[in-house]
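One structure is given below, encoded as structure tokens.
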Amino acid sequence: MPEQWEHKDLYREIVTTAQEGMMVIGMNGKIVMLNLAAEQMLGLTQEDIGNSFVNVFLTREGTDDFTEAILDTIYEKGKVSNMPVDYLLEGKKRNLSLTTSYIRNEGEKSVVVVINDVTELNELRDAQTALDRIQKLNREYEKAKDEAVRANEAKSLFLSNMSHEIRTPINAVLGMNEMILRECTDKQILSYAANIRSSGKTLLFLINDILDMSKIESGKMEIVRVEYAPENVMMDLWNVIFLRAQEKGLSIRFSLDETLPRELYGDDVRIKQIVTNLLTNAVKYTPQGGIEMNVAYERRTGEEISLIISVKDTGMGIRKEDMGKLFENFQRLDEEKNRNIEGTGLGMNITMSLLKLMDGDMKVESEYGKGSNFTVTIPQRIVCDEPTGDFETIRSRREQNLSQKRQTFEAPEARVLVVDDNSMNLTVFQSLLKRTKMKITTADSGKKCLELVKKEPYHIIFMDHMMPEMDGIETLHEIQKLTDFPNQDTPVIVLTANVLPGAREGYLREGFVDFLTKPIDGDLLEQTCAKYLPPELVNDADSDGQEKEEGIAQADYEAFLEEGISLENGMKYAKNDLDMYLELVRLFVREQGKQEDMRRFLADGNMPDYAILVHGLKGNARTLGAERLADMAFAHEKQSKAGNAVYVNAHFEELVLLWDRTLMGFQGLLENYGAEEEEKYQAVEGGEILPLSKSDFETVAALLDDFETSQAVEQLKAWMAHPLKPDMHERIRDVLTALEDEFDEDKAIALLRENRID
């Protein structure tokens, strides 16, 4: 035993005096130890750290790479070995090299971080590299000079066509066309204008081909990767090519693997450029028949896919002997036959160059006289694994939204029931239909829905699918079993985030008449209501066609986007109504307490109820534009539905950390833009105080027991119109908040029956 202690002292001495920085961190993120070298490299001391956690570095500027590498190891995403990171120390950037590993001490697992400061070494290497480079450039200068002169002469011949005079009229056309899109209400003209916009932008891209070729040859072409939605790329490509194909009498068909992830990370602009070139070539070289584009994918690793896009035509095809010319500059295949076809002859060469820059490739299959099939494969990273859905559904919905965006209606006599266990979803639903003046009744469970449909007639019922205890399909089946009740023929429409293949058909088989996907699109919701309401209840409403678009500063849009929050998307779901958006944010912030419910479900191993809560979190976050949180919640939803408690427990704190960071961002937004929020239930001052008894509160509670919510709210507001004792005002205010903001009737009933009155 004494020898063991001697060894421990020896090890401690070795660590303390080592030239490498060493830091030991517990799996909970707590910093256990820093040696002297680490203190000097990080500008901290053991006394500075105290009992702090690794997030002490989050508050320090210039430590992002350092912190991310350590957190990845703590979260067991993977160890790093000699990973270079930048670290800001006393205003100067230092180059550190990190290696992480795990140790066990008396059964407890910890992370060991070994740190080396390689700043001076890198500077020496950079200096030597620069010197070698200069010497090499001097040797090659004379040779490159002659080649550059010849290349520039060829480029100059084409660059002369890229003058200011060409761009000016194109920009003028696009500018005037944008005014048509903003001001016109005619469906057909809007469709034409959308095609003009897409085709005009494509024309600018084609004009840039020559400059692109110059950039590629000079090594200045850059691939700019961003997060993007494949469905947007598909729609842009459709708008680019549809009219061209139609003008030649060609059929055109796009297909999409419906399970393709809804968000990817890559250079969507260059992908569109590549596929646009393939599509335009297909149209140009196809005199009759049609064109097909198919988008599919193959998984490479957990987060990596190969995006596979094929363009097939029934055109002229390519001779075998001409295949080698296909990717050469300024080459036109079968020149005599194709002399009237427009183009520079640069497109395929640019396409191959862009594919190489993105580590992609292309396969060509062609039979002369019968057609060709070009297939490109491009690596992409998954951002959100939710499925994109069917292309035809996406296209018809986009076109419908475009044509009816500014139309609205009023139906003050219409009665609509909305069933959803998520209070924020109910608020969103009511807010989106506010301008229609319809009477909206809400229920937060299948059980309450059944009670309501037995008593009151409704013109439409909207039913959430995923609810605890009794889900939407089970509730619908119970409704179908009822007889002699006022909603025998009421259409029931499902609300769901499920866009997987066959989802719509599956819901229709269960008895729903239609379905809407979440997050709910406000314009599509109005159109659906107008479709299923009795025509005599629907009246046209005047609309100036102007949506509220002001309020949030551009700087905030950009700052929040860096945190994974797209305020632009959130405002879109709120119909660009800032007040409505802020109200949804307030509701989201108030629901932070659901974290404890989720913890309890995890502790009990209750994966089904955990899945329901995290499903709601995903939907709420997506509605507000908190895309990063929504994506992480979706991953938890998938794993919890699969019963993978190991994954959920391992990553729960990561979810909570991002959730809290998102809430902090939203709280800052409320401080900046929501400070002037008015008190909804203000006290009335002056006059005789209204006396209220225990029986008065019991009367209102009984109304809620009978699902007479509107009458209960009316009575409570009537009391609020009189002077009240402060405690009575506070109590009634809390009841109204529970009913109107939180849609929690059980809470309201409990507040009413509290034993506060003698």
Side-chain angles (χ1 to χ4, degrees), residues 227 229 231 262-263 383-384 386 389 397 401 418-434 440 442 444 462-467 472 493-499 515-526 528 547-549 551-552 556-557 560-561 563-592 594 612-637 655 658-659 661-663 665-667 669-670 673-674 741-743:
E227 296 179 2
E231 68 176 70
R262 66 180 293 272
E263 284 191 48
V383 175
C384 176
E386 289 187 57
R397 186 167 296 168
N401 285 349
V418 189
V419 187
D420 197 312
D421 66 302
N422 188 309
S423 60
M424 184 168 164
N425 287 345
L426 295 174
T427 300
V428 169
F429 202 96
Q430 288 189 316
S431 299
L432 291 175
L433 291 180
K434 180 170 58 177
I440 311 293
T442 62
D444 62 3
F462 288 95
M463 183 84 69
D464 181 38
H465 176 193
M466 195 169 176
M467 296 187 293
I493 300 169
V494 69
L495 306 172
T496 178
N498 184 4
V499 292
F515 88 143
L516 288 175
T517 58
K518 295 179 179 180
I520 300 296
D521 180 288
D523 295 315
L524 188 58
L525 175 59
E526 286 191 10
T528 303
E547 296 180 346
K548 187 174 181 179
E549 298 181 351
I552 297 180
D556 283 331
Y557 278 105
F560 273 77
L561 198 58
E563 295 297 323
I565 300 173
S566 172
L567 296 179
E568 182 178 0
N569 288 348
M571 287 288 286
K572 179 184 70 175
Y573 290 127
K575 301 175 78 68
N576 287 324
D577 185 329
L578 179 59
D579 291 337
M580 174 182 170
Y581 182 67
L582 292 177
E583 183 57 36
L584 297 179
V585 169
R586 290 187 191 98
L587 188 56
F588 183 75
V589 170
R590 287 200 294 266
E591 292 188 340
Q592 184 178 10
K594 288 187 177 180
I612 289 173
L613 282 187
V614 81
H615 171 81
L617 173 62
K618 177 198 72 175
N620 293 345
R622 190 81 69 200
T623 297
L624 295 177
E627 306 296 347
R628 192 173 298 165
L629 177 59
D631 293 344
M632 188 178 293
F634 175 64
H636 277 250
E637 180 187 357
L655 174 67
L658 180 57
W659 191 348
R661 286 179 59 184
T662 303
L663 288 170
F666 280 142
Q667 286 166 346
L669 189 74
L670 291 174
Y673 296 96
D741 294 349
E742 301 171 6
F743 301 98

Check whether any side-chain heavy atom of [X] sits under 4.5 Å from a side-chain heavy atom of [Y], and report yes or no.
X: Leu516; Y: Leu495; result: yes
X: Met467; Y: Ile612; result: no
X: Arg590; Y: Leu587; result: yes
X: Leu669; Y: Leu567; result: yes
X: Leu655; Y: Leu629; result: yes
X: Asp631; Y: Arg622; result: yes

Passes side-chain contact (heavy atoms from CB on, under 4.5 Å), Tyr581 versus Thr623? Steps please.
-> CA-CA 9 Å; Tyr581 182 67; Thr623 297; over 6 Å; no
How far apart are the closest heavy atoms of [X] and [Y], and which atoms are they?
X: Thr662; Y: Ala626; result: CG2-CB, 3.9 Å
X: Phe634; Y: Glu386; result: CE2-N, 3.2 Å
X: Lys618; Y: Ala630; result: CG-O, 3.5 Å
X: Leu670; Y: Arg586; result: CD2-CG, 3.7 Å
X: Val589; Y: Leu663; result: CA-CD2, 3.7 Å
X: Phe666; Y: Phe560; result: N-CE2, 4.3 Å

Separation of Leu617 CG from Met632 CE (nearest 0.5 Å) |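 Atom-to-atom, Met632:CE and Leu617:CG are 10.5 Å apart.
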Report the distance from atom CD of Glu627 to atom CZ of Arg262, rounding to the nearest 0.5 Å.
->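 CZ of Arg262 is found 6.0 Å from CD of Glu627.
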Begin from the C-alpha positions of Arg628 and Ile565 and carry the test side-chain contact (heavy atoms from CB on, under 4.5 Å) through to its verdict.
-> CA-CA 7 Å; Arg628 192 173 298 165; Ile565 300 173; over 6 Å; no
side-chain contact (heavy atoms from CB on, under 4.5 Å) between Thr442 and Gln430, intermediate numbers included = CA-CA 9 Å; Thr442 62; Gln430 288 189 316; 3.8 Å; yes
Taking atom types as modelled, is there a side-chain donor on Asn422 or Asn620 under 3.5 Å from an acceptor on the other?
->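 The criterion, which ignores hydrogens and geometry beyond distance, is satisfied for Asn620 and Asn422.
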Quick one: list whatever passes ring pair (Phe, Tyr, Trp, His ring centres under 6.0 Å) with Phe462, sequence neighbours left out.
->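 Phe429.
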Please identify each residue that fulfils side chain to side chain contact (heavy atoms under 4.5 Å, CB included) with Ala635, with sequence neighbours left out.
->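 Applying side chain to side chain contact (heavy atoms under 4.5 Å, CB included) to Ala635 gives Tyr647.
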Which residues pass the side chain to side chain contact (heavy atoms under 4.5 Å, CB included) test with Glu227, sequence neighbours left out?
->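 Only Glu263, Tyr265, Val383 meet the side chain to side chain contact (heavy atoms under 4.5 Å, CB included) criterion with Glu227.
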May I have the step-by-step check of side-chain contact (heavy atoms from CB on, under 4.5 Å) for Leu578 and Met571, ending in yes or no?
-> CA-CA 7 Å; Leu578 179 59; Met571 287 288 286; 4.2 Å; yes
Step through the shown structure and confirm whether more than 12 heavy atoms of other residues, nucleotides or ligands are within 6.0 Å of CD on Gln667.
->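 Result for CD/Gln667: enclosed.
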